[in-house]
Amino acid sequence: MASLSLKHIYKKYPGGVTAVSDFCLEIKDKEFLILVGPSGCGKSTTLRMIAGLEEITEGELWIGDILVNDISPKDRDIAMVFQNYALYPHMTVFDNMAFGLKLRKIPKEEIKRRVEEAARILDINHLLERRPKALSGGQKQRVALGRAIVRNPKVFLLDEPLSNLDAKLRASMRTELTKLHQKVGTTFVYVTHDQTEAMTMATRIVVMKDGLIQQVDTPQNLYDSPVNLFVAGFIGTPQMNFITSKLEKKGDDLYITFGSNSVKLPADKANSPALKEYIGQEVIAGIRPEALHDDEYNMEKLKDSIITTSVDVTELMGAEIYLYLGFDGQEDATNGKSIIARVSSRSTARAGDTIKIAMDTSRMHIFDKDTERCIIH
């Protein structure tokens, strides 16, 4: 097993295109680390540099205590699982899983033992004599994982391995991958643009944008304490609401005002030294959909932070309803759309209604409008 150390890694292409900039990260032994970000942010390029499939322009990559910049992919003791499975169509499942071991001249009995053990872990024993064309998408994915497991690598690299599966199968495979990581006890480095996968499987998440690391943290800390507007908007479904607002002091209290609405900040936020220099200035208020309420209990509890809104659209999700809301003087800081409230399915709000919404300002984040950095959580 092995830890990984990426020290000031850069990937620059001819023509001055920089795909990855100053990437510094320590990946612990047996960690399930996920790189997440929008398409083109550099996450797959980073994974391919770890694998040796892309040359590192600058910086050092260590696997354990070995510098591997100039070591070929086959000698790095890593296994990579690709998005398209990359199975040999003319070979059986057994032969696909055994192929890499045969190239290494592993004895036949040892190959058989390893393949059967991996097949048992992945519950594909009954598929060993089939060819890939006779397999479903989920079965092909398991075979691709099995081919990696039999090699007993120090590090597993997975490049969007679930993106070709349907929604139901993706959900079950997320669980299977988490179980697999616990069973094999190896370091996993996983790339996805799907933040649901990242939130449900990772021990830590690296959020990337434009080749730069934005934040590295546990899933819960990323959700609760995003460092900037990008991370706040990327992590969470539906995404955080952003409202361009003004920070105003009234007596001893601090208020966020937007349009004709004014909501009082709790004392711990109002007394924060970080906010003092922003009084009288425009800021961006961020609040998650589940921190907006339309029930009587929260209306009474949060009576200092009630706003009047109009319901544009409702989406029934079964256990809850998403309310898309507009309000007087609204200016969404990111995309001009409605803010979203995530409320109980017992809500009586309907499209076209004018309703009151209570904001739980204890869960509000305040961002600097210019730098987009979070001022206070």
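Just so it is clear, the structure is predicted and the values come from calculations on it, not from any experiment. By convention here, the first residue in the shown sequence is residue 1. The basis for the numbers below is simple: all heavy atoms, side chains too, and nothing from hydrogens, waters or symmetry mates.
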Problem - Contact summary for Lys43 and Met208, nearest pair of heavy atoms - result: CA-SD, 3.8 Å
Practice task
Would you please name every residue forming a salt bridge (charged side-chain N to carboxylate O under 4.0 Å, His left out) with Lys303, sequence neighbours left out?
Solution key: Glu300
Exercise for the section: Assign the ring pair Phe367 / Phe242 to parallel, tilted or perpendicular, where the plane angle (0 to 90°) is split at 30° and 60°. Expected result: perpendicular
Exercise for the section: Using modelled atom types only, decide if a donor and an acceptor are shared between the side chain of Arg48 and the backbone of Glu54 within a distance under 3.5 Å. Expected result: no
Exercise for the section: Just jot down the side-chain hydrogen bond (donor to acceptor under 3.5 Å, both in side chains) partners of Gln220, sequence neighbours excluded, or say none. Expected result: Asp224
Fill in the blank from the handout: Here the pair of heavy atoms bringing Glu60 nearest to Leu67 is CB-CD1, 3.7 Å
Problem - Side chains of Gln195 and Thr237, donor plus acceptor under 3.5 Å - result: yes
Problem - Atom pair CD1 (Ile9) and CD1 (Ile56), whose distance is rounded to the nearest 0.5 Å - result: 4.0 Å
Practice task
Mind listing the closest non-hydrogen atom pair of Glu55 and Lys11 along with its distance?
Solution key: O-NZ, 2.8 Å
Problem - Asp252, CG atom: more than 12 neighbouring heavy atoms under 6.0 Å - result: no
Exercise for the section: Step by step, work out the side-chain hydrogen bond (donor to acceptor under 3.5 Å, both in side chains) result for Lys250 and Ser262. Expected result: CA-CA 11 Å; Lys250 300 177 184 177; Ser262 188; 3.1 Å; yes
Exercise for the section: Determine the interplanar angle of the His90 and Tyr88 rings, folded into 0 to 90°, and report it as parallel if under 30°, tilted if 30 to 60°, perpendicular if over 60°. Expected result: perpendicular
Exercise for the section: Among Val143, Ile124, Leu135, find the residue that satisfies the side-chain contact (heavy atoms from CB on, under 4.5 Å) test when tested with Arg130. Expected result: Leu135
Problem - Chi angles and distances behind the salt bridge (Lys or Arg N to Asp or Glu O under 4.0 Å) call for Lys112, Glu116 - result: CA-CA 6 Å; Lys112 185 171 185 291; Glu116 287 176 351; 2.9 Å; yes
Problem - Lys249, NZ: over 12 other non-hydrogen atoms inside 6.0 angstrom - result: yes
Exercise for the section: Verify, without hydrogens or angle tests, whether Asp353 (side chain) and Arg350 (backbone) share a donor-acceptor contact under 3.5 angstrom. Expected result: yes
Problem - Minimum-distance pair of heavy atoms, taken over all atoms of Asn228 and Arg373 - result: ND2-NH1, 3.8 Å
Practice task
Report yes or no: does Lys7 contribute a side-chain atom to a donor-acceptor pair with the main-chain N or O of Leu61 at less than 3.5 Å?
Solution key: no
Problem - Note, Glu290 side chain near Arg363 side chain (heavy atom, < 4.5 Å) - result: yes
Handout entry: Min side-chain heavy-atom separation Asn241-Leu292 under 4.5 Å
Key = yes
Exercise for the section: Decide whether Lys28 and Ser3 meet the rule of one side-chain donor and one side-chain acceptor closer than 3.5 Å. Expected result: no
Exercise for the section: Name all residues meeting the side-chain hydrogen bond (donor to acceptor under 3.5 Å, both in side chains) criterion together with Gln215; count only those two or more places apart in sequence or in a different chain, and write none if there are none. Expected result: none
Handout entry: Min side-chain heavy-atom separation Arg114-Asn152 under 4.5 Å
Key = yes
Practice task
Linking directly or through intermediates, with side-chain heavy atoms under 4.5 Å: list the remaining ILVMFWY members grouped with Val313, chain and number order.
Solution key: Met317, Tyr322, Tyr324, Ile340
Practice task
Taking all heavy atoms of Asp360 and all of Ile287, pick out the closest pair and write down the distance.
Solution key: O-CD1, 3.7 Å
Problem - Sidechain-backbone polar pair: Ser345 side chain, Glu320 backbone, donor-acceptor under 3.5 Å - result: no
Exercise for the section: Taking side-chain hydrogen bond (donor to acceptor under 3.5 Å, both in side chains) as the test, write out the residues that go with Asp22, two or more places apart. Expected result: His8
Problem - Tyr13: hydrophobic cluster co-members (side-chain, 4.5 Å) - result: Val17
Fill in the blank from the handout: Here the pair of heavy atoms bringing Glu31 nearest to Glu26 is OE1-O, 4.4 Å
Handout entry: Exam field: side chain Ser72 to backbone Gly52, donor-acceptor pair closer than 3.5 Å
Key = no
Handout entry: Cluster overlap Val227 with Val216, hydrophobic side-chain contacts below 4.5 Å
Key = no
Practice task
Check whether any side-chain heavy atom of Pro289 sits under 4.5 Å from a side-chain heavy atom of Gln239, and report yes or no.
Solution key: no
Handout entry: Min side-chain heavy-atom separation Leu4-Leu33 under 4.5 Å
Key = no
Handout entry: Validation row: Leu177, Glu197 side chains within 4.5 angstrom (heavy atoms)
Key = no
Problem - Separation of Glu277 CD from Leu247 CG (nearest 0.5 Å) - result: 11.0 Å
Problem - Geometric class of the Phe32/Phe188 ring pair [parallel <30°, tilted 30-60°, perpendicular >60°] - result: tilted
Practice task
Give, for atom CD1 of Ile111 and atom CZ of Phe99, the distance between the pair rounded to the nearest 0.5 Å.
Solution key: 11.0 Å
Exercise for the section: Find the distance between OG1 (Thr92) and CE (Met97) and round it off to the nearest 0.5 Å. Expected result: 10.0 Å
Practice task
Taking Asn96 for its side chain and Met91 for its backbone only, find out whether a donor-acceptor pair lies under 3.5 Å.
Solution key: yes
